[in-house]
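The structure under discussion appears below in the form of structure tokens.
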Amino acid sequence: MEKQKTGFVASLIITAVLIGLTTFLFFYLTSPASRGTNFYVSYGYLVFLELVEGIYLSLVYTSRAELRTKGMWDFFFILGVIISFFVVLGLLSIIVFAVLNLLVSGSKALVTTVAIELSLFVLVAALAYFLKAKSETMD
């Protein structure tokens, strides 16, 4: 198997294992009676973050040579930094709201935070793409 296919398969396997582990831990460590709206929002958001990171890694492994020839490697690098920042921010949000959930039970703040983070992620990623496209037209 060539190197790109091996990296692609490895990134898919790692993503599947992470999602499986997340699912196991979320449902094993909590009782069904204690699972509220925050539980399902946090679980879904964490799985989404893992999927975003896994898809990014899969894309980089499958199209690395194509990206270098088209001059898009720098855009994918910046996109990787944006995705990593997004994932870290999302994880911190989940942790903060898990701690706050022990003190106050309210899911509207978590859902609002997740929506704002997703919106910011899409806007920043789109801005990075448009800036890359604009810099190519100026060259």
Side-chain angles (χ1 to χ4, degrees):
M1 198 183 276
E2 69 182 61
K3 199 173 191 178
Q4 285 182 332
K5 290 182 183 176
T6 305
F8 176 73
V9 171
S11 65
L12 290 180
I13 290 172
I14 289 170
T15 303
V17 167
L18 279 175
I19 291 172
L21 183 62
T22 299
T23 302
F24 172 73
L25 288 175
F26 261 73
F27 287 94
Y28 177 73
L29 294 175
T30 60
S31 64
S34 69
R35 296 178 193 150
T37 306
N38 283 352
F39 173 83
Y40 292 105
V41 170
S42 296
Y43 169 70
Y45 190 44
L46 188 57
V47 168
F48 174 75
L49 292 172
E50 291 170 348
L51 280 173
V52 167
E53 190 71 34
I55 290 170
Y56 171 76
L57 290 175
S58 299
L59 285 174
V60 168
Y61 278 121
T62 48
S63 55
R64 185 180 297 171
E66 295 170 7
L67 292 174
R68 286 192 179 132
T69 58
K70 294 180 182 176
M72 290 287 288
W73 186 248
D74 52 346
F75 167 71
F76 259 71
F77 175 75
I78 295 298
L79 186 62
V81 170
I82 293 169
I83 288 173
S84 298
F85 179 73
F86 172 64
V87 168
V88 169
L89 182 65
L91 289 174
L92 289 174
S93 297
I94 290 171
I95 292 168
V96 166
F97 279 99
V99 171
L100 289 178
N101 195 31
L102 297 173
L103 304 172
V104 180
S105 179
S107 62
K108 288 184 180 180
L110 177 61
V111 172
T112 304
T113 303
V114 167
I116 289 171
E117 287 175 2
L118 285 173
S119 299
L120 286 174
F121 167 68
V122 170
L123 287 173
V124 171
L127 180 64
Y129 178 75
F130 290 132
L131 289 175
K132 171 63 179 155
K134 188 172 182 170
S135 71
E136 287 179 352
T137 59
M138 295 179 102
D139 289 340

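Please read these numbers as outputs of a predicted model, since none were measured by experiment. The figures here come from the full heavy-atom set of this structure, side chains too, leaving out hydrogens, waters and symmetry mates.
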| Below 4.5 Å, heavy atoms only, C-beta onward: do Phe48 and Val52 meet side chain to side chain? | yes
| message | Testing Ile19, Ile13, Thr15, Ile14 one by one against Val17 for a side-chain contact (heavy atoms from CB on, under 4.5 Å), which residue passes? | response | Ile13
| task | Establish whether Ile83 and Val81 are linked, either directly or via other cluster members, by ILVMFWY side-chain heavy-atom contacts under 4.5 Å. | result | yes
| query | In Å, rounded to the nearest 0.5 Å, how long is the span from CG of Leu12 to CG of Leu57? | reply | 10.0 Å
| query | Quick one: do Tyr40 and Leu46 end up in the same hydrophobic cluster if we chain Ile, Leu, Val, Met, Phe, Trp and Tyr together by side-chain heavy atoms under 4.5 Å apart? | reply | yes
| query | At what distance, to the nearest 0.5 angstrom, does CG of Leu49 lie from CG of Leu18? | reply | 11.5 Å
| field | From CG (Leu120) to CD1 (Ile82), nearest 0.5 Å | value | 11.5 Å
| query | Given the rule in the side-chain contact (heavy atoms from CB on, under 4.5 Å) test, do Phe24 and Leu29 qualify, once you have shown the distances and angles that lead to the verdict? | reply | CA-CA 8 Å; Phe24 172 73; Leu29 294 175; over 6 Å; no
| said: Can you tell me how far apart CZ (Phe86) and CZ (Phe121) are? Round to the nearest 0.5 Å. | reply: 5.5 Å
| query | Cluster question for you: counting only ILVMFWY and a side-chain heavy-atom cut-off of under 4.5 Å, with indirect links fine, are Leu51 and Tyr45 together? | reply | yes
| Looking at the rings of Phe39 and Phe27, which for Trp means the six-membered one, are their centres under 6.0 Å apart? | yes
| task | Determine, stepwise, if the pair Ser42 / Phe26 fulfils side-chain contact (heavy atoms from CB on, under 4.5 Å). | result | CA-CA 9 Å; Ser42 296; Phe26 261 73; 4.2 Å; yes
| query | Around atom CZ of Phe77, are there more than 12 heavy atoms of other residues, nucleotides or ligands at under 6.0 Å? | reply | no
| Honestly curious: do Leu118 and Leu89 fall in one hydrophobic cluster under the side-chain, below-4.5 Å linking rule? | no
| task | State yes or no: do Ile55 and Leu91 share one hydrophobic cluster built from I, L, V, M, F, W and Y residues joined by side-chain heavy-atom distances below 4.5 Å, directly or via other members? | result | yes
